[in-house]
Amino acid sequence: MEVRTRFAPSPTGFMHLGGLRTALYNYLFTKKMGGKFILRIEDTDQERFVEGATDVIYDTLKGCGINWDEGPDVGGNYGPYVQSERKNLYLPYAQQLVEKGAAYYCFCTKEELDERRAACEAKGEVFKYDKHCLNLSKEEVQQKLDAGIPYVIRMNCPTEGESAYDDLVFGHIAFPNDTLDDMILIKADGMPTYNFANVIDDHLMGITHVMRGMEYLSSTPKYNLLYNAFGWEIPQYIHLTTVMRDSQHKLSKRDGDAYYSDFIQKGYLKEALINYLALVGWNPGTDQEFFTMDELIEAFDVSRLNKSPGIFDMEKLTWMNAKYISELPFDTYLEMATPWLDKVLAGKGIDYRRLAELMQGRTEVFNRIPDMVSFLAELPDYSIDLHTHKKMKTDPVIAKENLELVLPILKGIDNWSEQNIHDIVMAAIAESGKKNGAVLWPLRIALSGLESTPGGAFEIAYLLGKDESIRRVEKGLEKLG
RNA sequence: GCCUCCAUUGUCUAGCGGUCUAGGACGCCGCCCUCUCAAGGCGGAAACAUGGGUUCGAGUCCCAUUGGGGGUGCCA
């Protein structure tokens, strides 16, 4: 039988990393099994409609290389793939359940329920709908319906025994039936709840494997009751652990660390993000850590999915991102780095190509570039303490002496190429009998005003140009009295 | 509160009864390389939550405790 899976996000306008990972795993699993991956938009909550939100979903998924075989934009034989476009389809199924006694009309108002819920909570009890409306006679129900009284349809859960199922990740899971609440299937506005639409759609779309976040672990028994009431086959369940920010918090909107777009804006590469995300909660069983999408598909195995929640480690992501950046074709790097260089160096006439060569191996995240290169635009105000360096065998006194040595040499260089600067200065150092470090450290400090820089003294001198380099060395000498 | 799931270094994890004096990676520390930093190379510190069982033998199986997650919406 062909594997059919689905990713069913609700369009909120953002793609949460946890959701992205769910989509990824669905995709990897499906492709590995040679099945079909379906994208379905779950927009049954009219109050939360966000303009353009579906585009965010499309763009993110496509950008990451997660492609669907059926969906709102590409079609398929099981459409429509947007729940709001299927809204007329759910009520008859609910009515069918009412006829079978597996569901019933409920006329309790939201306000009444809220009150009862609050009262329950005040007493420290669990609120559970008391099946009040289940006791209504057929005639009473019809009367209310005829009178146009608003209603919802609730499922009629058993109150004894237990419901169990086998999850491909968590194994056997059992719930006592008396804890099951008679959840609402059809809302007062006629729309199905997520819970109901989900079951109907998964069945109608021929979904064989439901892979989703584990927040649904405890409502799954109720879904199964629904499948059974219809006489439908229950799909395989694969529940996924939550991606956490720390041991007790999920990745959240508030901390700006939850959305795909946050990371892209900061300058994380989508390949790195996908690669890293795949490893939070899953591992290949080998020491391999870097994967292309095809390699992930090849290596993916549901049995290697983890059962405990994983903390999203920004440090490791950043490390991985740096690796990905360093492996970028140089021209791609240059193109991607340019806007970031422009933030502080636009119009300064700096050789971006050379600078990019120096920067590529040191770029962890693109948004860190401006801070690393801004010294080229303007010499930072630095302390002469920077000239003290034990290992380079230099201090402010030696620095002054060596800067005085190197200044006229610099002035005498006609062809200001990096190679030329290097050769001429090195020759002068050799001739003076001084240590390389004792000259080059002060030079680099004078040129950059920074303890660490991308590139050494020669690279910086070249990038700065002759005039600016000389100006900075002179200024350095001034500082040293 | 009730239901349920989970539990190996700071983090991601390997481990599916003996091969574990617990392996890999990030991070951290040290050394080397080197005109700085980074990269790279080498090395180091760092974990089986606790208590009971089962077994000749437990990180691995069972139970309890503790800790954490999730659910408990006319949200998805």
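Here is how names work: the chains are called A, B, and so on, in the same order as the sequence lines, proteins then strands, and each is numbered from 1. A quick note: this is a predicted structure, and the numbers were derived from the prediction, not measured.
Nucleotides B:rU8 and B:rC61 are separated by 13 Å at their P atoms, to the nearest Å. Nucleotides B:rA58 and B:rU19 place their C1' atoms 15 Å apart, quoted to the nearest Å. The same atom, P, is picked in B:rC5 and in B:rC62; the two are 13 Å apart, to the nearest Å. Only the P atoms considered, B:rG43 is 11 Å distant from B:rA25, to the nearest whole Å. Rounded to a whole angstrom, the distance from the C1' atom of B:rC56 to that of B:rC42 is 43 Å. Distance noted for atom C1' between B:rG67 and B:rG51: 15 Å (whole Å). Distance check on atom P: B:rG44 versus B:rA22 gives 13 Å, rounded to whole Å. Rounded to a whole angstrom, the distance from the P atom of B:rA47 to that of B:rC63 is 28 Å.
For A:A322, the side chain to side chain contact (heavy atoms under 4.5 Å, CB included) partners at least two apart in sequence or on another chain are A:E364. A search for salt bridge (charged side-chain N to carboxylate O under 4.0 Å, His left out) contacts involving A:E215 returns nothing, not counting sequence neighbours. For A:S308, the side chain to side chain contact (heavy atoms under 4.5 Å, CB included) partners at least two apart in sequence or on another chain are A:N306. Applying the side chain to side chain contact (heavy atoms under 4.5 Å, CB included) criterion to A:E315, with sequence neighbours excluded, gives A:D313.
Phosphate proximity of B:rG70 to A:R212: absent, as no side-chain N or O sits under 4.0 Å from OP1 or OP2. A close approach under 4.0 Å does not occur between any side-chain nitrogen or oxygen of A:R116 and OP1 or OP2 of B:rG73. Side-chain N/O atoms of A:N306 include one lying less than 4.0 angstrom from OP1 or OP2 on B:rA14. The shortest distance between the side-chain N/O atoms of A:K391 and the OP1/OP2 oxygens of B:rC35 is not below 4.0 Å.
A:Q83 places its CD atom 8 Å from the P atom of B:rA76, with the value rounded to the nearest Å. In this structure, the CD atom of A:E115 is 17 Å from the C1' atom of B:rG73, given to the nearest Å. One can place CG of A:L277 at 12 Å from P of B:rU13, the figure rounded to the nearest angstrom. Between the CG atom of A:L240 and the C1' atom of B:rC5 there is a distance of 14 Å, rounded to whole Å. Atom CD1 of A:I445 is separated from atom P of B:rU36 by 11 Å (rounded to the nearest Å). Atom pair A:N321:CG and B:rG27:P shows a separation of 13 Å (rounding to whole Å applied). In this entry the distance linking NZ of A:K435 with P of B:rC35 reads 11 Å, nearest Å. Distance NE2 (A:H389) to C1' (B:rU36): 7 Å, rounded to an integer number of Å.
When both distances must be under 3.5 Å, the Watson-Crick or G-U wobble mate of B:rA7 is B:rU66. Figure legend. B:rG1 is base-paired to B:rU72; pairs are counted as Watson-Crick or G-U wobble with both atom distances under 3.5 Å.
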If you restrict it to nitrogen or oxygen atoms, what contacts under 3.5 Å exist between nucleotides 63-69 of chain B and the protein, and what is each distance?
residue: B:rG68; atom: O2'; partner: A:S247; partner atom: O; Å: 3.0
residue: B:rG69; atom: OP1; partner: A:Q248; partner atom: O; Å: 3.1

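A:G455 comes within 4.0 angstrom of a nucleotide base, judged by non-hydrogen atoms across all strands. Using a 4.0 Å heavy-atom criterion, one finds that A:T109 contacts the bases of the nucleic acid, with or without backbone contacts as well. Base contact: A:S452 has a heavy atom under 4.0 Å from a base atom. When heavy atoms are screened at a 4.0 angstrom cut-off, A:R368 is found touching no nucleic acid atom at all. Here A:M183 lies out of heavy-atom contact (under 4.0 Å) with every strand. Residue A:L279 is in sugar-phosphate contact alone, with no base atom involved, counting any heavy-atom pair closer than 4.0 Å across all strands shown. Among the protein residues, A:F458 comes within range of the nucleic acid bases, having at least one heavy atom under 4.0 Å from a base atom. When heavy atoms are screened at a 4.0 angstrom cut-off, A:A174 is found touching the sugar-phosphate backbone but no base atom. In this structure, A:V280 reaches the sugar-phosphate backbone alone: every heavy-atom distance under 4.0 Å involves primed, P, OP1 or OP2 atoms, never a base.
Here A:D381 pairs with A:K479 in a salt bridge; the nearest charged N to carboxylate O distance falls below 4.0 Å. Salt bridge absent: A:E289 and A:K323 never bring a charged side-chain N and a carboxylate O closer than 4.0 Å. Under the 4.0 Å criterion applied to side-chain N and carboxylate O atoms, A:E357 and A:R353 are not assigned as salt-bridge partners. Taking the charged nitrogens against the carboxylate oxygens, A:D130 and A:R116 do have a contact shorter than 4.0 Å, which makes a salt bridge.
Of the listed nucleotides (B:rA76, B:rG10, B:rG40), B:rA76 has the atom at the smallest distance from the side chain of A:E42. Between B:rC26, B:rC74, B:rG40, one nucleotide has an atom nearer to the side chain of A:E315 than all others, and that is B:rC26. Counting only heavy atoms from C-beta on, A:S10 has its side chain closest to B:rA76 among B:rC26, B:rA76, B:rG73. Comparing B:rA76, B:rU11, B:rA25 against the side chain of A:N195 picks out B:rA76 as the nearest. Out of B:rC12, B:rA14, B:rA7, the shortest distance to the side chain of A:R304 is found at B:rA14. Side-chain atoms of A:E215 lie closest to B:rG71 of the nucleotides B:rA25, B:rG71, B:rU36. The side chain of A:F170 lies closest to B:rC6 when the candidates are B:rU11, B:rC6, B:rG70. Between B:rU13, B:rG73, B:rC12, one nucleotide has an atom nearer to the side chain of A:F127 than all others, and that is B:rG73. With B:rA25, B:rA76, B:rG73 as the choices, the nucleotide that has an atom nearest any side-chain atom of A:W319 turns out to be B:rA25. With distances taken from any side-chain atom of A:I311 to the nucleotides B:rC35, B:rC12, B:rC37, the minimum falls on B:rC12.
For residues 167-178 of chain A, the pairs satisfying side chain to side chain donor-acceptor pair (under 3.5 Å) are A:S163-A:N177, A:D166-A:H172, A:D167-A:H239, with sequence neighbours left out.
For A:R444 against B:rC35, no side-chain N or O and base N or O form a donor-acceptor pair under 3.5 Å.
Residues A:D114 and A:N283 each lie close to RNA chain B; by heavy-atom proximity, the contact nearer the 5' end of the strand is made by A:N283. Each of A:D313 and A:L317 has a nearest nucleotide on RNA chain B; the 5'-most of these lies closest to A:D313.
Because its NZ or CZ atom is not both nearer than 6.0 Å to the ring centre of A:Y462 and within 45° of the ring axis, A:R354 does not count as a cation-pi partner of that residue.
When each of A:F263, A:Y324, A:Y333 is tested with A:F366 by the rule ring-ring contact (aromatic ring centres under 6.0 Å, His included), just one qualifies, namely A:Y333.
Checked against the 6.0 Å centroid criterion, the rings of A:W68 and A:F7 do not qualify as a close aromatic pair.
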